[in-house]
Every structure is written in structure tokens, then in C-alpha cells.
Amino acid sequence: MGWHLAPMASADTETSGISIETDRILTAAVIAIDPARRTRETTFWVLDPGIDVPATAAEIHGYDTARIRAEGRKDVAAAIGEIADAVMAPVHAGIPLIVYNAPYDLSLIDRETRRYGLEPLEDRLRAATATVVDPFVLDKALDKYRPGKRTLTAVSEHYRVPVGEDAHGAEADALASARVAYRLCQKFPKIAQMPLAELHALQVRAKAEQAASFRAYLTRQGKAVDGVRDEWPLVPYTAPTSTS
């Protein structure tokens, strides 16, 4: 039986921006899924980190400053701890954790844990034998030359995965990510039968290859390559250097 037919979990965050170092988590969802039983259980968080939400971010996920103030939890440190624990729960259970474009979400959670003096997610993932499944990396690796965008919305449409009216919401995106992973296993049975540790290692290599290819492309275009990272499933934390 392929791993996609067994229990799995999926996670997603919606944030104040795209910087893993400085932006903040506003909403998060972790969904425990059992495909065989056709059941799922969702845990959802709304956080108020005390910042003003940029309009560009609010337009994407629907959580502006007023909504965050009204609905968001004020005990942000406790909520971040809960999110990190929920992400680690499937890891400790030995089941795959589905995260679309994992280095974004997992790195953001790591930085939030550090911000509040909690055990860093990076350290916890390293200590455990984590298996992350990233449909973004896998889709690019398995269907390398397909034209078009590779956003979750575009990839969901390609694999005929419904996203629903709440696209770009953490719960909807976490569920869509899991469904895309399932479709990938149906289309490419070799990854469904692959041992999870081997699948994880494949994605580490694939991400590095994809980053190298993208850097080469940008170089040919005369563009900067500084923001293209190889690391997967999380960008390691680098402490800021002192300027004093």
C-alpha cells in the first residue's frame, strides 16, 4: 500500500508578507487526514501579533488589521508553541507531513518559535526523523518541462483538485496541498511506493537541482541570484551579526 493511502498530515500558514525572517504568522492550519477512513481533523489558529497587516497581504488571505485584532489570539507565544507542536506531532508519529513550498512555511514557524524563546522548530525537525512531502518540489521534479505557473492554485487546477471559495486560506490550502500530493502519487506511482526516508532525500536533492537551474536562468538574464536558496525543507537560521 502506498503511503498516500495511509494517515498523513498537512500544514499551511498565512502571513503578513513573504520574508521568512521578519514577517509574522496570522493564521495557520494543521489537518490530520486518514484517506482510508475518509476522515480529517483540522486545528486552526488566528493570531494577533500586534502589527498592522499590509493591504497587499490582506487582499490575498482576507485577514486585515481589524479582523486580526477582533479574532486573533493575544497569547501569541502560546499559539506559536501549539502550532509547532502540531507540526511535530505527525513527525513523531512517523507519518508524512505535507507542506506546499515547505521552506517558506516551516522557516516562518521556526523564526516565530525563536522570536518567543521557544525550542526552535529547526532543532526539533533535525532531532526527529522528519518526512516532509512538498508537492511544489515534487511536481517540478516529476513534470519538469510542463509550462505554466507552479503556484498551489495553478497546480491544484492542473491535477483537478478543488480549492473552493476560501483559496489562500490556511485550512483550504493545507487540504489542497494534501490532495495534490495524493494526485501526484496516483500519476507517479513510484513515489507512492518509495520509502518515506528515500522520498525525503529525493526532495532534498531535487530542491538543490531546481535552485541551481533557476540561478543559471537568472544569471543568463543578468538578474541577481541572492534570494535563491537550496535548502529544504527549511532554511537554516543564521543569527544576525553585530554591527557594534
Side-chain angles (χ1 to χ4, degrees), residues 11-26 51-63 98-112 114-115 120-122 125-126 132-159 161 163 167-168 170 173 176-177 180-181 183-184 187-188 191 199-244:
D12 186 75
T13 64
E14 298 299 332
T15 65
S16 61
I18 60 173
S19 170
I20 62 171
E21 304 297 343
T22 59
D23 280 306
R24 310 299 301 276
I25 294 174
L26 304 177
I51 64 167
D52 291 333
V53 180
T56 51
E59 288 172 3
I60 294 172
H61 49 61
Y63 282 85
I98 318 295
V99 189
Y100 198 89
N101 192 16
Y104 175 71
D105 294 88
L106 296 183
S107 299
L108 267 163
I109 297 171
D110 173 70
R111 303 318 190 254
E112 290 278 34
R114 295 173 188 274
R115 186 172 287 116
L121 183 68
E122 180 183 356
L125 286 171
R126 185 184 298 116
V132 176
V133 175
D134 188 339
F136 177 66
V137 171
L138 284 174
D139 177 56
K140 291 179 71 175
L142 297 166
D143 198 355
K144 184 182 298 186
Y145 300 109
R146 188 180 78 246
K149 296 180 179 180
R150 303 279 181 154
T151 62
L152 178 57
T153 299
V155 173
S156 295
E157 182 178 352
H158 175 74
Y159 289 103
V161 167
V163 177
H168 304 301
D173 285 0
S177 299
V180 169
R183 295 291 195 197
L184 281 165
K187 185 173 182 179
F188 304 99
I191 65 166
L199 179 63
H200 188 94
L202 180 151
Q203 293 170 97
V204 172
R205 296 192 301 271
K207 174 61 176 177
E209 292 168 1
Q210 291 162 12
S213 176
F214 189 45
R215 278 195 296 269
Y217 167 78
L218 291 175
T219 299
R220 291 195 298 271
Q221 300 295 315
K223 299 179 180 179
V225 300
D226 297 348
V228 182
R229 305 294 298 255
D230 299 79
E231 301 94 339
W232 184 93
L234 181 149
V235 177
Y237 174 74
T238 302
T241 56
S242 175
T243 57
S244 59

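- Looking only at side-chain heavy atoms (C-beta outward), Val235 and Arg111 come within less than 4.5 Å of each other.
- For Asp110 (side chain) and Glu122 (main-chain N/O), a donor-acceptor pair under 3.5 Å exists by modelled atom type.
- In plain terms, the two heavy atoms of Ala181 and Val133 that are nearest each other are CB-CG1, 4.4 Å.
- Ile18 CD1: 12 or fewer foreign heavy atoms inside a 6.0 Å radius.
- Here the rule is side chain to side chain donor-acceptor pair (under 3.5 Å) with Asp139, and of Lys144, Lys187, Arg146, His158 only Arg146 fits it.
- To the nearest 0.5 Å, the span separating OG1 on Thr238 from CD on Glu21 amounts to 7.5 Å.
- Considering CG of Asp173 and CG of Asn101, their distance stands at 11.5 Å, rounded to 0.5 Å.
- Within the model, atoms NZ of Lys207 and CZ of Arg229 stand 10.0 Å from one another, a figure rounded to the nearest 0.5 Å.
- Counting heavy atoms from C-beta outward, Ser177 and Val99 have side chains that stay 4.5 Å or more apart.
- Separating the CG atom in Leu26 from the CD1 atom in Ile51 is a distance of 5.5 Å, to the nearest 0.5 Å.
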Item checked: Tyr100 vs Val155, side chain to side chain contact (heavy atoms under 4.5 Å, CB included): CA-CA, chis, key distance, verdict -> CA-CA 11 Å; Tyr100 198 89; Val155 173; 3.2 Å; yes
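- The structure places CD1 of Ile25 at 9.5 Å from OG of Ser16, a figure rounded to the nearest 0.5 Å.
- Ring geometry, Tyr63 versus His61: the interplanar angle falls from 30° to 60°, so the pair is classed tilted.
- The shortest distance between side-chain heavy atoms of His200 and Trp232 falls below 4.5 Å.
- For the pair Phe214 and Gln210, the minimum side-chain heavy-atom distance is 4.5 Å or more.
- Within the 4.5 Å cutoff, the side chain of Val180 has no heavy atoms near those of the Arg183 side chain.
- Across every non-hydrogen atom of Val163 and Ala176, the tightest pair is CG2-CB, 4.3 Å.
- When all heavy atoms of Asp23 and Glu112 are compared, the pair lying nearest together is O-OE2, 4.5 Å.
- Counting heavy atoms from C-beta on, the side chains of Asp134 and Pro103 come closer than 4.5 Å.
- Expressed to the nearest 0.5 Å, how far CG of Leu138 lies from CD1 of Ile191 amounts to 5.0 Å.
- No more than 12 heavy atoms of other residues, nucleotides or ligands lie within 6.0 Å of CD in Glu157, so this atom counts as exposed by the packing criterion.
- Counting all heavy atoms, side chain and backbone alike, Ala208 lies closest to Asp230 at O-OD2, 3.7 Å.
- With a 4.5 Å cut-off on side-chain heavy atoms, Thr15 and Asp105 do not count as touching.
- Minimum heavy-atom separation, Ala211 to Val228: O-CG1, 3.6 Å.
- Under a 3.5 Å cut-off, the side chain of Ser213 and the backbone N or O of Glu209 do not form any donor-acceptor pair.
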